[in-house]
Amino acid sequence: MKAGVKILAKECGFDECRFARVDRAPHAEAYFSWLDAGYQAEMLWMERGREKRADPAIVLPGAKTLIILAKNYFQGQSPKRGPGKIARYAWGEDYHELMQTQMIKLDDFLSIHGGRQKCYVDTGPILERDFASEAGLSWHGKSSMSLNERLGTWFFLGTILTTLEFEPDTPARSRCGKCFRCMEACPTKAIVEPYRVDARRCISYLTIENKGPIPEEFRKLIGDRIYGCDDCLEVCPWNRFAQATNEIRFSLPLKLANLSLSELAAITEQEFRDLFRRSPIKRIKRPRFIRNVCVALGNVGTLTDLPILGILQTDANLLIAEHAAWAVHQIEEREQLRNEAS
Ligand code: SF4
Ligand code: SF4
């Protein structure tokens, strides 16, 4: 039965499939203390249902097993964006929808064998990374991301909670050793200690979850990133072993690869919806996306970007207008320094 689930998981498009016993999450207390320190910033949903998160048996009464699935999203050397970086996980189609669809056959299979299931892809009150470690699929890196010997850090996790009982796999052990590269590479020093990220300093949070203005102290450090940040992943030595995924839906569409920052700054509401229709980027909506593009332009833009920033500076949306004004100021200041130096 376990072998059958593993084979089916592979057929459904997953790269790893491991099993953990339903039990209290081993790092539940560490998670609570992270919340109590306020490191989750405005992500209030992380605080809801604390006890549920700590104990999957509350999520699905009678649950016996967590089936943890991993899907590789490493695109290898496929086309990248020039200025205006997007975190790899968001290059292609939204993984939530894609993986939920791929889980349906597994859910059906388990139901036929008498199981009741709940399937999640980052969507449920489950400490997925904790149970991925328990299932031996990955270990917690000092960056707080999960690492797998074969996939490195470039994979998504999915969880099936089932009332069926399976023999659990052996838990993973940490293989970070004396490495601290992710902590050293973080531009905003958001990894405040091993395994602890302060979301209030993290570029992924600031450019994605954060709904308001980006605090000025972080704007220059964001560089040309317009959605998320991969710096702590790019430097991880375990990623040397990562193989490119055969899931082409995670590739960066050529159209998005070729749009300049100025062109992205100019997109209308309708163009935003069309461009990101299948992408996770659609979740932050146009004003937050334009906010991010303005910050990137402020950091790497030139005089040729001033016309579009001038228009955005008078935008009715104050989030856009304020970030555009900041960008104009940065470009003009750089230009002035350049003139003084020449
Ligand atoms: S995503 Fe970027 S900002 Fe956030 S912890 Fe990693 S390196 Fe730091
Ligand atoms: S960069 Fe080093 S410390 Fe950080 S997650 Fe990777 S192996 Fe662990």
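Ligands are counted one by one from 1 in listed order, and the atoms in each one are counted from 1 as well.
The aromatic rings of Y95 and Y89 stand perpendicular to each other, their planes meeting at an angle above 60°, with 30° marking the opposite boundary.
Between W154 and the options D230, N72, N239, a side chain to side chain donor-acceptor pair (under 3.5 Å) holds for only N239.
Under a 4.0 Å criterion applied to the non-hydrogen atoms of I191, ligand 1 contributes the atoms 5 (S). Atom numbering of ligand 2 starts at 1 in the shown order; those under 4.0 Å from a heavy atom of L147 are 5 (S), 6 (Fe). The atoms of ligand 1 that sit less than 4.0 Å from any heavy atom of T188 are 3 (S). Distances below 4.0 Å separate heavy atoms of G141 from the following atoms of ligand 2: 5 (S). Distances below 4.0 Å separate heavy atoms of P187 from the following atoms of ligand 1: 7 (S). In the vicinity of D231, heavy-atom distances shorter than 4.0 Å reach the ligand 1 atoms 7 (S).
Around atom CD of E42, no more than 12 heavy atoms belonging to other residues, nucleotides or ligands sit under 6.0 Å away. In the displayed structure, R277 atom CZ is contacted under 6.0 Å by at most 12 heavy atoms of other residues, nucleotides or ligands. Within a 6.0 Å sphere centred on CD of Q243, heavy atoms belonging to other residues, nucleotides or ligands number 12 at most. Around the CZ atom of R278, the shell of radius 6.0 Å holds no more than 12 heavy atoms that belong to other residues, nucleotides or ligands.
R201 places no side-chain N or O within donor-acceptor distance of the main-chain N or O of V197, the cut-off being under 3.5 Å. No donor-acceptor pair under 3.5 Å is formed between the side chain of R219 and the backbone N or O of A296.
Of the protein's heavy atoms, C182 SG, 2.4 Å lies nearest to atom 4 (Fe) of ligand 2. Nearest protein neighbour of atom 8 (Fe) of ligand 1, counting heavy atoms only, is C186 SG, 2.3 Å. For atom 2 (Fe) of ligand 1, the nearest protein heavy atom (residue, atom name, distance) is C229 SG, 2.3 Å. Given atom 3 (S) of ligand 1, the protein heavy atom at minimum distance is I203 N, 3.2 Å.
The proximity of L233 to ligand 1, defined as any non-hydrogen pair under 4.0 Å, does not occur for either the backbone or the side chain. No part of S143 comes within 4.0 Å of ligand 1, judged by heavy-atom distances.
Residue contacts to atom 2 (Fe) of ligand 2: C236 brings no N, O or S atom closer than 2.8 Å.
The side-chain tip of R173 does not point at the ring of W139 from less than 6.0 angstrom away and within 45° of straight on.
Closest to atom 7 (S) of ligand 1 by heavy atom, among G228, C202, S204, C232, is C232.
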